[in-house]
Novice: 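I have a structure here, written as structure tokens, and I will follow up with some questions on it.
Note that ligands are numbered from 1 as they come in the structure, with each ligand's atoms numbered from 1 the same way.
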Amino acid sequence: MHVTAIVLAAGEGTRMKSNHAKVSHRILDKPMINWVVDAALQAGCDRVVTVVGSHADEVRELLGGLENVECVEQTERLGTGHAVKVALDAAGIAEGPVVVLNGDLPLIQPDTIRMFAETVARGEYAAAVLTMTPPNPFGYGRIELDETGAVTRIIEQKDCTPEQAATLLECNAGCYAFDGAALVAHIGELSTGNAQGEYYLTDMLEILRNAGSAVTYFHCNDFREGLGVNSRVQLAELTGIARDRINARHMTEGVTMIDPSSTWIGPDVKIGRDTVILPSVMLMGSTVIGEECTVGPNTRLTDTCVGICSVIDETVAIEAQIDDYVNCGPRAYLRPGAHLCDHSKAGTHVEIKKSTIGRGSKVPHLSYIGDTQMGEGVNIGAGSITCNYDGVNKHGTVIGDRTFIGSDTMMVAPVHIGSDVVVGASSCITKDVPDGALALERSHQTNIEGYTARKNAQNAKE
Ligand code: UD1
Ligand code: CA
């Protein structure tokens, strides 16, 4: 079965009051349009044609590089029916099942899309629409049924009489399947004789029914799947629904969450079983966490990989790699390219960027480590930092195995510190240190004996 999906994403999204495309607004850090397009791809659609218009470049960029996804431009916003016509013409769609999805329908499930496409592919219906009964139906198109319970037409909220608005509670979710040939044959019959003066896609049901084709609706038992986003309030509502759905999935698969209501996990994140998520955690992007880890509280991991049995407390990590049995935080900041190898530690108020912390090495307190290759079993004393930036360029630091860096050491890059080295506390290391050496760079200490007593005696006299 070859299924084409058309995703409508050209609208202005006026009700968002935004300088950006509506469909670019994020739900759990993933733009709405990507939720919809991914659902279509996961449902098995071979071709996803996205209609862009308002902020077209922004939307194109969000879909750039996705296989089987193409964009067509609707230069004038003449309505959802017009948008579909533009897609059919520009993409040369002539037949086969065509699924149409509103771009602001982020929680639609792949299974639903597949079921829709299959019904039409079997030839049972020329058109089907997904419906729901949300607690607040305001703003949705309403399904009108005849006395046999068959769909006669969809009436937009703005075209409803007060009585229709109050009694027709079955709402159009904005997910449709059409027989492509029937759609192409009849889409030219849409007209703009309605409250908004637009070509409504929703009118296709009535048009196809009048042409003698079978049209139907499928009621979605969970109305939340069919909610659309027209405003920031709805964006927040759907974000909460997505969070609950994702958290429930992880808990079902063996992840413990102490406080699911403060746990925000992106749709593509993976977590191994027996990992415990403590309160106030955000796991975003392509983050992957292995089994038996403890994450949180107050932790945000973005595009970060974590192995097994690691403890990550009050940490922010972006594009970092944390291997097995690592100890991180509280209050660690791991920036892109930070790699903590097995059994290593990044402790309190520690920032690490583009650096490897070798197996069993420890950076326990108040350090900045940047552009550094660190061997195994190294200990970095409190307050030590790599001075990797000279104001113009970044330079690298190399630290060998089992080296001990005393507290408050400045390692001025580029510098190479060998293996089995000891660096005395408070040294400013500007020259390479050979293997096995003690490096000391500090002025000699002077003790002036009896100082305090003499000073007190003098103060007493004055
Ligand atoms: C639409 C439906 C309504 C349904 C609701 C579900 C129509 C006429 N109405 O209303 O029955 O209950 O969705 O959420 O279809 N778009 C374009 N080009 C255009 C106009 C819109 O691409 O010229 C896109 C928008 O970007 C959006 C989608 O189509 O992603 C739906 O448009 P929107 O204005 O949000 O329609 P609703 O008023 O929500
Ligand atoms: Ca909408």
Side-chain angles (χ1 to χ4, degrees), residues 5-16 18 20-25 31-37 40 49-56 58-60 62 71-88 90 100-108 127 129-134 136-144 151 153-160 164-165 168-176 178 187 190-207 217 220 223-235 237-238:
I6 297 175
V7 178
L8 307 182
E12 313 279 350
T14 335
R15 290 164 279 182
M16 293 297 280
S18 174
H20 301 276
K22 175 166 80 175
V23 296
S24 73
H25 286 266
M32 250 191 274
I33 186 69
N34 294 92
W35 284 76
V36 179
V37 166
V49 180
T50 306
V51 184
V52 299
S54 176
H55 301 281
E58 196 178 21
V59 181
R60 270 207 183 88
L62 294 172
C71 292
V72 300
E73 188 150 352
Q74 182 194 23
T75 44
E76 291 173 291
R77 252 67 69 205
L78 303 180
T80 48
H82 178 256
V84 169
K85 183 162 191 325
V86 166
L88 295 172
V100 179
L101 300 166
N102 280 1
D104 61 357
L105 180 65
L107 302 186
I108 187 76
V129 56
L130 184 71
T131 67
M132 51 164 181
T133 43
N136 177 11
F138 182 83
Y140 290 101
R142 309 305 174 81
I143 311 298
E144 187 191 66
V151 185
R153 58 180 175 143
I154 301 175
I155 312 173
E156 288 305 298
Q157 173 85 43
K158 286 187 179 151
D159 297 291
C160 279
Q164 287 167 331
L168 302 178
L169 300 177
E170 196 72 40
C171 294
N172 168 22
C175 165
Y176 319 77
F178 294 98
I187 197 156
L190 288 174
S191 65
T192 56
N194 53 54
Q196 301 184 76
E198 289 182 359
Y199 295 98
Y200 289 165
L201 176 63
T202 44
D203 289 346
M204 282 313 299
L205 275 90
E206 189 181 8
I207 290 172
Y217 71 101
C220 186
F223 71 86
R224 291 170 297 189
E225 181 179 349
L227 294 177
V229 175
N230 297 313
S231 68
R232 310 256 182 176
V233 172
Q234 288 170 327
L235 184 72
E237 270 171 28
L238 268 75

Novice: If you measure every N/O of Asn102 against every N/O of ligand 1, is any gap under 3.5 Å?
Specialist: yes
Novice: Flag Ala83 as yes when one of its N or O atoms lies below 3.5 Å from any N or O atom of ligand 1, and as no otherwise.
Specialist: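 No.
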Novice: For ligand 1, which atoms sit closer than 4.0 Å to a heavy atom of Tyr200?
Specialist: 8 (C)
Novice: Go through ligand 1 atom by atom and flag the ones less than 4.0 Å from a non-hydrogen atom of Lys22.
Specialist: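 By the 4.0 Å cutoff, the relevant atoms are 35 (O).
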Novice: Does an N or O from Tyr140, backbone or side chain, lie closer than 3.5 Å to an N or O of ligand 1?
Specialist: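 N/O-N/O distance below 3.5 Å does not exist for this pair.
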Novice: To the nearest 0.1 Å, how far is atom 6 (C) of ligand 1 from its closest protein heavy atom, and which atom is that?
Specialist: Asn172 O, 3.4 Å
Novice: Going by the order shown, which atoms of ligand 1 are within less than 4.0 Å of some heavy atom of Gly141?
Specialist: 3 (C), 4 (C), 11 (O), 12 (O)
Novice: Below the 3.5 angstrom mark, is there an N/O of Leu8, backbone or side chain, next to an N/O of ligand 1?
Specialist: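 Yes; the residue has a nitrogen or oxygen that sits under 3.5 Å from a nitrogen or oxygen of the ligand.
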Novice: Purely on distance, is any nitrogen or oxygen of Arg77 under 3.5 Å from one on ligand 1?
Specialist: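 So ligand 1 has no N or O lying under 3.5 Å from an N or O of Arg77.
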Novice: May I ask you to list the atoms of ligand 1 that are less than 4.0 angstrom from any heavy atom of Ala10?
Specialist: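 Going through ligand 1 atom by atom, the ones under 4.0 Å from Ala10 are 17 (C), 18 (N), 22 (O), 26 (O).
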Novice: Please confirm whether Glu76 comes within less than 3.5 Å of ligand 1 when only nitrogen or oxygen atoms on both sides are compared.
Specialist: no
Novice: Strictly under 3.0 Å, is the Ca ion (ligand 2) approached by any N, O or S atom of Asn230?
Specialist: yes
Novice: Find all atoms of ligand 1 within a distance of less than 4.0 Å from any non-hydrogen atom belonging to Gly103, and give their numbers and elements.
Specialist: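 Atoms satisfying the 4.0 Å criterion: 30 (O).
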Novice: Do any nitrogen or oxygen atoms of Gly11 lie less than 3.5 angstrom from nitrogen or oxygen atoms of ligand 1?
Specialist: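 Indeed, backbone or side chain, Gly11 has an N or O that close.
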Novice: Is atom 14 (O) of ligand 1 less than 4.0 angstrom from at least one protein heavy atom?
Specialist: yes
Novice: Going by heavy-atom distance to atom 35 (O) of ligand 1, choose the closest among Val84, Leu130, Asp104.
Specialist: Asp104
Novice: Which atom, among the N/O/S set of Asp104, is closest to the Ca ion (ligand 2)?
Specialist: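 In Asp104, the heteroatom (N, O or S) nearest the Ca ion (ligand 2) is OD2.
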Novice: Ignoring angles and geometry beyond distance, decide whether Gly79 reaches within less than 3.5 Å of ligand 1 through its nitrogen or oxygen atoms.
Specialist: yes
Novice: Heavy atom to atom 32 (O) of ligand 1, shortest distance: which of Val52, Ile6, Thr80, Val36 holds it?
Specialist: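 The nearest heavy atom belongs to Thr80.
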Novice: Suppose I only count heavy atoms of Asn230 and a 4.0 Å limit; which atoms of ligand 1 are within that range?
Specialist: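 The list of qualifying atoms is 35 (O), 39 (O).
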Novice: Could you tell me whether Gly174 and ligand 1 have an N or O pair separated by under 3.5 Å?
Specialist: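 No, since none of the N or O atoms of Gly174 sits under 3.5 Å from an N or O of ligand 1.
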Novice: Check each of Glu156, Arg15, Gln157 against atom 38 (O) of ligand 1 and report the one with the nearest heavy atom.
Specialist: Arg15
